[in-house]
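Since the structure comes first, as structure tokens, the remarks are kept for the end.
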Amino acid sequence: MDEMDPTESPYEYYDYEETENSSMCDYSEWSPSYSVIPVLFMLIFILGLSGNGVVIFTVWRAQGKRRATDVYIGNLALADLTFVLTLPLWAVYTAMGYHWPFGVAMCKISSFVVLLNMFASVFCLTCMSYDRYLAIVHSLSSTQLRTRGHTQASLMVIWLLSVLLAAPTLILRTTKYDATSNRTSCAMDFSLVATNKKQEVLWIAGLSISSSLLGFLLPFLAMMMCYCFIGCTVTRHFNTLRKKDQRKRRLLKIITTLVVVFAACWIPFHVVKSADALSYLHLVPDTCAFLRFLLLAHPYATCLAYLNSCLNPFLYAFFDLHFRSQCLCLLNLKKALHASPAGSLSSQKTEAQSLATKV
């Protein structure tokens, strides 16, 4: 579990022959997982593909009325959509008993996209939280910082940084054929950077811990700091909120919900992954029961993390009135194209646009 692949066993690289009780430990997978996990992956794929597709289309069509938050939401949906497209591959991989039939290139690309999604998602959420911090806590002095140019520049940094942090997977991930089990796995190969077992263990633990720190813990702490300042500001001015400020509070509500759901989905995965990394370094008890618990919990903690990629669109539709009105605009226009004469199309389009501006 050196990186966040959905199917790789957390003990693929650990030499259990060195442990005193290795002969008594059962490190086999829970057999129902070979059926349950692929079904869950395909459900996430279907929901994520349709939901994030609608989000991207909605944000793209609303070019003249985009908020900075909408741009981040669109990029968050793009990261989620790109990721869920790889899930059928991982579903087949798991259903075949962790046999990878798709070749080295797809192994590298699919693993890279998974990590890219994790980093891009958390960085987009962090930027959304910081944007709300500037809009609410420094509403008068932050106008120059919240321009379209600054938003585009921050997105370039987000994607560039995400690509760089996910690059080790693209380089080190490869296929490995095991003649004993007659299967090909998609796993990390540290022979390019490690010359012995000790160096390999350090690389495994280092990549795992660093991805949890940079891909979750530090951004999450930054988000929490933003919300602490926002909470203090909103509490002080709660009784004097104008209509414009109330719209800010609604937008704050959707972003807060996104962050909370993101944390709830990803915390179990990062806890399991970090505990596994610490077990490589012998910093946590490496008892048979504990290691087997990590092995069995890993695929389900991963599924919970991946569930976040299909939940976001439903959160937008449920909490964000602005996003919901934009979807209604698109639906009204689509109905007009199929059911209305050309002369009345313009009036329905005007009516739909009016609906969007009222929220």
Side-chain angles (χ1 to χ4, degrees), residues 1-12 29-30 33 36-49 51-52 75-91 93-94 98 110-126 128 162 165-166 168-169 173 186-188 204 207-221 223 257-278 293-315:
M1 201 166 62
D2 49 298
E3 296 291 353
M4 56 162 295
D5 275 345
T7 51
E8 184 173 314
S9 169
Y11 308 111
E12 185 158 346
E29 294 280 352
W30 189 46
S33 296
V36 174
I37 298 300
V39 171
L40 294 176
F41 281 169
M42 292 308 298
L43 287 175
I44 295 172
F45 165 73
I46 294 170
L47 293 175
L49 182 64
N52 288 293
N75 280 264
L76 180 61
L78 179 62
D80 288 337
L81 179 65
T82 306
F83 157 69
V84 298
L85 289 175
T86 69
L87 281 180
L89 302 181
W90 297 115
Y93 183 40
T94 309
Y98 297 150
S110 299
S111 303
F112 171 76
V113 168
V114 171
L115 261 189
L116 183 68
N117 164 261
M118 184 187 76
F119 286 118
S121 296
V122 73
F123 293 157
C124 280
L125 286 172
T126 304
M128 289 165 64
S162 299
L165 291 174
T169 298
R173 182 72 55 176
C186 175
M188 296 287 276
I204 294 170
L207 285 177
S208 182
I209 293 173
S210 63
S211 67
S212 290
L213 285 175
L214 298 174
F216 182 77
L217 184 59
L218 295 180
F220 187 68
L221 291 176
M223 287 184 251
T257 304
L258 289 175
V259 172
V260 170
V261 171
F262 180 87
C265 289
W266 280 97
I267 283 177
F269 171 80
H270 285 289
V271 168
V272 170
K273 186 160 73 80
S274 298
D276 171 64
L278 294 175
F293 168 77
L294 293 181
L295 173 68
L296 298 179
H298 171 242
Y300 296 95
T302 303
C303 274
L304 181 60
Y306 292 174
L307 182 64
N308 181 250
S309 294
C310 70
L311 286 180
N312 288 338
F314 297 98
L315 296 177

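The figures here come from the full heavy-atom set of this structure, side chains too, leaving out hydrogens, waters and symmetry mates. This structure is a prediction, so every number in the text was calculated from the model and none was measured.
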Is any side-chain heavy atom of [X] less than 4.5 Å from a side-chain heavy atom of [Y]?
X    : Y    : value
S33  : T94  : no
M188 : L207 : yes
S121 : D80  : yes
C303 : F41  : yes
V261 : C265 : yes

Determine, stepwise, if the pair V259 / F220 fulfils side-chain contact (heavy atoms from CB on, under 4.5 Å). CA-CA 8 Å; V259 172; F220 187 68; 4.0 Å; yes
Atom pair [atom1]/[atom2] of [X] and [Y] - distance to nearest 0.5 Å:
X    : Y    : atom1 : atom2 : value
L214 : F123 : CG    : CZ    : 6.5 Å
S212 : I267 : OG    : CD1   : 11.5 Å
L115 : S211 : CG    : OG    : 6.5 Å
N52  : T82  : CG    : OG1   : 9.0 Å

Hey, what's the ring geometry for Y98 with Y93, parallel, tilted or perpendicular (30° and 60° as the breaks)? tilted
Residues Y306, F83; criterion ring pair (Phe, Tyr, Trp, His ring centres under 6.0 Å); working and verdict: CA-CA 9 Å; Y306 292 174; F83 157 69; 4.6 Å; yes
Report the C-alpha separation of M223 and L125 in whole Å, then their side-chain angles, then the decisive distance to 0.1 Å, and conclude whether the side-chain contact (heavy atoms from CB on, under 4.5 Å) test is met. CA-CA 8 Å; M223 287 184 251; L125 286 172; 4.0 Å; yes
Quick check: does any side chain N or O of S274 sit under 3.5 Å from a backbone N or O of V271, one acting as donor and the other as acceptor? no
